[in-house]
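Here the structure comes first, spelled out in structure tokens, and everything after it is commentary.
Every value quoted in this text rests on a predicted model; they were computed, and no experiment measured them. Computation of the quantities below employed the complete heavy-atom set of this structure, encompassing side-chain atoms and omitting hydrogens, waters and symmetry-equivalent molecules.
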Amino acid sequence: HYIFAKLPTNYNNEQKKLQMQQHKRNKIKKQSVVKEETKPEIHKQKRPNYNINPSDIAERIENSEEIKCLFLMSEEAFGRPLTHTEQSIFIWIHDYLGLSTDVILMLTAYCISIEKGNIRYIETIAADWADREINNLETAQDEIKRLEEYSGFNRKIMKIFGMNRKPTSKQQEYINTWKEKNYNIELIEYAYEKTIESIDKLNFPYINKILENWYENGLLTKSQIDSANIKRNSNPETEKKSYSFDINEIKSLTNNFGE
């Protein structure tokens with residue numbers, strides 16, 4: 001004999017309510033799945049697994065003079081034996097990215113020279129070079145020269161501005177723009193001095209606005225700027241026309257210290 005518990009009088013109503021709630025949850029879940037499926041797919045190039053086992057690496061060294069040379073010269077540059085991870089990544093750069101041994105060694109030497117000899121950093125730059133078809137000695141030398149010029153320009157700016165820390169990403173954008181526009185270091189320093197005189201703090205947008213105004217008006221040397229200032233001061237109308245930005249535009253930038 002089975003003993004059946006007595007069901008509550010509202011059992012059927014409760015069951016219907018539970019079924020409706022479950023149906024609603026299933027519907028929402030189905031909609032979210034459809035939404036996920038219809039979301040545009042972002043195609044990212046996946047790096048193949050180049051975590052090669054030590055025996056395979058030993059075989060590559062034995063059978064490939066290029067890989068053997070790459071490892072020997074890299075170890076000389078690092079001043080120590082390569083780790084298994086470094087060996088695997090160098091093989092990936094050589095085989096998959098297609099950079100030659102000479103280009104890889106040049107890149108490695110450059111990264112070590114700027115104290116960024118981490119293999120992951122080398123790998124990142126190598127992938128960038130491959131994307132931009134920097135894959136021979138001539139283009140690699142040109143790129144390193146460009147990077148060194150930007151690095152030197154950065155150091156000069158930081159020294160002029162008295163910066164003891166790395167520029168923020170926004171500040172770096174301004175510095176890169178000044179380099180691309182071939183702004184004279186002497187004028188950048190002069191613009192910095194004018195900024196300090198006016199607002200008593202480092203402000204990249206303020207400095208940038210001063211530089212843009214000078215270049216738009218063809219003032220490319222300190223003597224030209226000083227002459228223009230003398231002429232402006234002797235003619236109030238000229239001051240209003242040429243330097244109206246001073247109060248209206250630049251003052252509005254003084255709160256953008258972090259940019």
Side-chain angles (χ1 to χ4, degrees), residues 106-107 109-116 121 125 128-129 132-134 137-259:
M106 183 178 292
L107 170 59
Y110 170 72
C111 290
I112 292 173
S113 73
I114 61 171
E115 298 182 354
K116 292 185 177 180
Y121 183 81
I125 302 300
D128 176 63
W129 282 18
R132 293 162 55 206
E133 298 185 353
I134 300 174
L137 282 178
E138 184 178 356
T139 54
Q141 287 172 342
D142 290 343
E143 176 63 9
I144 288 175
K145 181 180 179 182
R146 185 188 73 84
L147 291 172
E148 287 176 339
E149 287 176 353
Y150 270 78
S151 179
F153 189 79
N154 250 40
R155 288 193 296 271
K156 288 178 182 177
I157 295 296
M158 289 177 66
K159 184 177 180 181
I160 290 169
F161 292 177
M163 298 178 67
N164 297 319
R165 56 167 178 77
K166 184 180 177 181
T168 65
S169 58
K170 189 65 178 177
Q171 291 172 342
Q172 190 60 56
E173 285 180 19
Y174 281 112
I175 296 173
N176 290 345
T177 298
W178 299 339
K179 174 62 179 172
E180 289 163 8
K181 291 184 176 181
N182 291 319
Y183 281 1
N184 190 303
I185 282 288
E186 183 184 44
L187 286 196
I188 295 173
E189 183 173 10
Y190 202 31
Y192 169 72
E193 292 171 1
K194 294 295 182 183
T195 299
I196 297 301
E197 288 175 9
S198 298
I199 61 174
D200 197 29
K201 66 179 180 180
L202 173 62
N203 185 289
F204 277 74
Y206 197 112
I207 294 169
N208 188 63
K209 193 65 183 178
I210 292 175
L211 289 168
E212 285 180 346
N213 181 265
W214 285 347
Y215 274 79
E216 285 171 6
N217 287 279
L219 306 176
L220 307 180
T221 65
K222 286 180 68 174
S223 60
Q224 289 176 338
I225 294 166
D226 291 339
S227 296
N229 285 337
I230 293 171
K231 184 177 179 181
R232 180 199 65 186
N233 293 333
S234 64
N235 187 344
E237 290 301 318
T238 303
E239 180 177 358
K240 290 179 182 178
K241 291 179 182 178
S242 301
Y243 290 86
S244 59
F245 76 91
D246 244 350
I247 295 173
N248 298 327
E249 295 185 45
I250 290 191
K251 292 297 183 184
S252 67
L253 301 174
T254 57
N255 293 326
N256 299 328
F257 177 72
E259 295 185 359

Check your understanding: salt bridge (charged side-chain N to carboxylate O under 4.0 Å, His left out) with Arg146: which residues, sequence neighbours excluded?
Key -> Glu143
Review point. Side chain to side chain contact (heavy atoms under 4.5 Å, CB included) with Ser227: which residues, sequence neighbours excluded?
Key: none
**Study point:** Any pair counted as side chain to side chain donor-acceptor pair (under 3.5 Å), so long as it reaches residues 186-197, sequence neighbours left out
**Key:** Tyr190-Asp226
Review point. Does some side-chain heavy atom of Ile207 sit less than 4.5 Å from a side-chain heavy atom of Trp178?
Key: yes
Cut-off 3.5 Å, no hydrogens considered: what does the side-chain donor-acceptor table look like for residues 155-163, sequence neighbours left out?
from	atom 1	to	atom 2	distance (Å)
Arg155	NH1	Ser151	OG	2.8

**Study point:** By side chain to side chain contact (heavy atoms under 4.5 Å, CB included) - contacts of Glu180 (at least two apart)
**Key:** Tyr150, Asn176
Practice item. To the nearest 0.5 angstrom, please state how far the CD1 atom of Ile134 sits from the CD atom of Gln141. Key: 12.0 Å
Practice item. List for me each residue that meets salt bridge (charged side-chain N to carboxylate O under 4.0 Å, His left out) alongside Glu149, sequence neighbours excluded, and say none if there are none. Key: none
Point to revise | Which residues share a side chain to side chain donor-acceptor pair (under 3.5 Å) with Trp129, sequence neighbours left out | key: none
Check your understanding: Ignoring hydrogens and geometry, is there a side-chain-to-backbone donor-acceptor pair from Asn213 to Lys209 under 3.5 Å?
Key -> no
Review point. In chain order, what residues pass the ring-ring contact (aromatic ring centres under 6.0 Å, His included) check against Tyr121, with sequence neighbours excluded?
Key: none
Exercise for review: Would you please name every residue forming a side chain to side chain donor-acceptor pair (under 3.5 Å) with Ser169, sequence neighbours left out?
Suggested key: none
Study note, to complete from the structure: Value for CG (Asp142) from CG (Leu137), rounded to nearest 0.5 Å, stands at 11.0 Å
Study note, to complete from the structure: The side chain to side chain contact (heavy atoms under 4.5 Å, CB included) partners of Ser113 (sequence neighbours excluded) come to Tyr110
Check your understanding: Does the distance from a Lys or Arg side-chain N to an Asp or Glu carboxylate O, for Glu148 and Lys145, drop under 4.0 Å?
Key -> no
Exercise for review: Taking side chain to side chain contact (heavy atoms under 4.5 Å, CB included) as the test, write out the residues that go with Lys181, two or more places apart.
Suggested key: Thr177, Tyr183, Glu212
Review point. Got Leu187 and Ile225 here, is their nearest side-chain heavy-atom distance under 4.5 Å?
Key: yes
Check your understanding: Does any non-hydrogen side-chain atom of Thr139 lie less than 4.5 Å from one of Glu133?
Key -> no
Exercise for review: State, with a plain yes or no, whether a side-chain heavy atom of Asn184 is found less than 4.5 Å away from one of Tyr215.
Suggested key: yes
Exercise for review: To the nearest 0.5 angstrom, please state how far the CG atom of Leu107 sits from the CG atom of Leu147.
Suggested key: 9.5 Å
Check your understanding: Who pairs with Asp128 by salt bridge (charged side-chain N to carboxylate O under 4.0 Å, His left out), at least two apart in sequence or on another chain?
Key -> Arg132
Revision key, fill the gap. In this structure, CZ of Phe204 is separated from CD of Glu173 (nearest 0.5 Å) by 11.5 Å
Check your understanding: Between Ile185 and Phe153, is any pair of side-chain heavy atoms under 4.5 Å apart?
Key -> yes
Check your understanding: Are Asn154 and Ile175 side-chain neighbours, meaning at least one heavy-atom pair lies under 4.5 Å?
Key -> yes
Check your understanding: So, for Gly218 and Gln224, which heavy atoms are closest and what is the spacing to 0.1 Å?
Key -> O-OE1, 3.5 Å
